[in-house]
Amino acid sequence: MYQRRYDKVYLMLRQETAGYGMGSRGPWGSCILEIKNGQGRLTVAVEGLRQLLCGQYEVYGLLAKNEECRGISCGSLCVNKQGHGEMTWDFEPDALGEGYCLENLFGVAVITETGNSMSVPLAAYTGEKRQWRALFSPLGEEPVLQAAETAVLERPQVEEKAGKA
């Protein structure tokens, strides 16, 4: 249980998927999770991570509840030519979306899509490492698809009304 008045946790980002490092050493990084007066902040800093030719790195908070694993997008991680990248994400600890709160957070992952699959160059866990990839789905993905389907389905109805006039 995290303290909402003040709490701070340091996590080490370690290589999860090989092939994203610069030189012979794999990438590494740190993640600071801080809560101050009921407001949360996640700060991620990485070193030795190579730039992507196409695509980008996304940082996700990994949430678990009832045999599922959801990811909340914390933002994009831009990496410079030297392999350094930083990002900060402010959040509400008691409202991470779809009934999740900070206590459901078990890790942080730097993710990139490669073709039809995802790669995880770096990850950090609050406890022991978990097997979460097969269960992973980002929060908020389904409503976006439903909104797109609604927009497509509404269009023929408008055309029918126009044709009757």
Side-chain angles (χ1 to χ4, degrees), residues 1-2 7-22 25-35 39-79 83-152:
M1 188 75 141
Y2 292 98
D7 210 340
K8 193 171 196 175
V9 177
Y10 294 92
L11 302 172
M12 292 303 299
L13 289 163
R14 295 187 184 352
Q15 181 173 303
E16 187 102 353
T17 303
Y20 290 91
M22 297 177 68
R25 185 175 180 190
W28 70 98
S30 65
C31 178
I32 301 170
L33 179 63
E34 184 175 27
I35 302 167
Q39 182 63 32
R41 174 170 277 185
L42 180 76
T43 305
V44 173
V46 299
E47 294 291 338
L49 194 62
R50 70 173 166 84
Q51 284 185 313
L52 295 175
L53 297 176
C54 58
Q56 62 186 6
Y57 295 109
E58 295 288 329
V59 176
Y60 280 91
L62 303 175
L63 306 164
K65 181 168 59 170
N66 300 331
E67 299 294 322
E68 64 183 11
C69 178
R70 303 299 301 268
I72 184 164
S73 178
C74 303
S76 297
L77 179 68
C78 297
V79 178
H84 177 76
E86 289 185 16
M87 64 132 326
T88 301
W89 176 59
D90 294 321
F91 64 94
E92 186 67 39
D94 293 319
L96 292 176
E98 297 183 18
Y100 289 94
C101 66
L102 185 60
E103 281 71 25
N104 300 121
L105 184 81
F106 72 88
V108 175
V110 176
I111 297 174
T112 186
E113 289 188 26
T114 55
N116 292 338
S117 64
M118 70 174 185
S119 288
V120 184
L122 295 167
Y125 301 97
T126 57
E128 58 190 48
K129 184 176 178 178
R130 298 186 188 189
Q131 299 300 321
W132 54 271
R133 290 189 197 194
L135 304 170
F136 179 79
S137 67
L139 284 177
E141 216 171 67
E142 296 162 354
V144 172
L145 293 174
Q146 289 173 356
E149 289 172 354
T150 303
V152 171

Beyond-backbone contact of [X] with [Y], side-chain heavy atoms, under 4.5 angstrom:
X: V44; Y: C74; result: no
X: L33; Y: V108; result: no
X: R133; Y: E16; result: yes
X: F136; Y: I111; result: yes
X: V79; Y: Y20; result: no
X: Y100; Y: I72; result: no
X: D90; Y: Q39; result: yes

To the nearest 0.5 angstrom, please state how far the [atom1] atom of [X] sits from the [atom2] atom of [Y].
X: W132; Y: Y60; atom1: CH2; atom2: OH; value: 10.0 Å
X: Y2; Y: C101; atom1: OH; atom2: SG; value: 10.0 Å
X: L63; Y: R70; atom1: CG; atom2: CZ; value: 9.0 Å

Tell me the closest heavy-atom pair linking [X] and [Y], and the distance in Å.
X: I32; Y: K8; value: CG2-CE, 3.7 Å
X: A45; Y: E86; value: CB-CG, 4.0 Å
X: L105; Y: T126; value: O-OG1, 3.8 Å
X: Q15; Y: G26; value: OE1-CA, 3.1 Å
X: G97; Y: L139; value: O-CD1, 4.0 Å
X: M12; Y: A124; value: O-CB, 3.3 Å

Heavy atoms from other residues, nucleotides or ligands near CD of E113 exceed 12 (cutoff 6.0 Å):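 No.
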Partner residues of N104 under the side-chain hydrogen bond (donor to acceptor under 3.5 Å, both in side chains) criterion, sequence neighbours left out: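 Scan of N104 (side-chain hydrogen bond (donor to acceptor under 3.5 Å, both in side chains), adjacent residues dropped) gives none.
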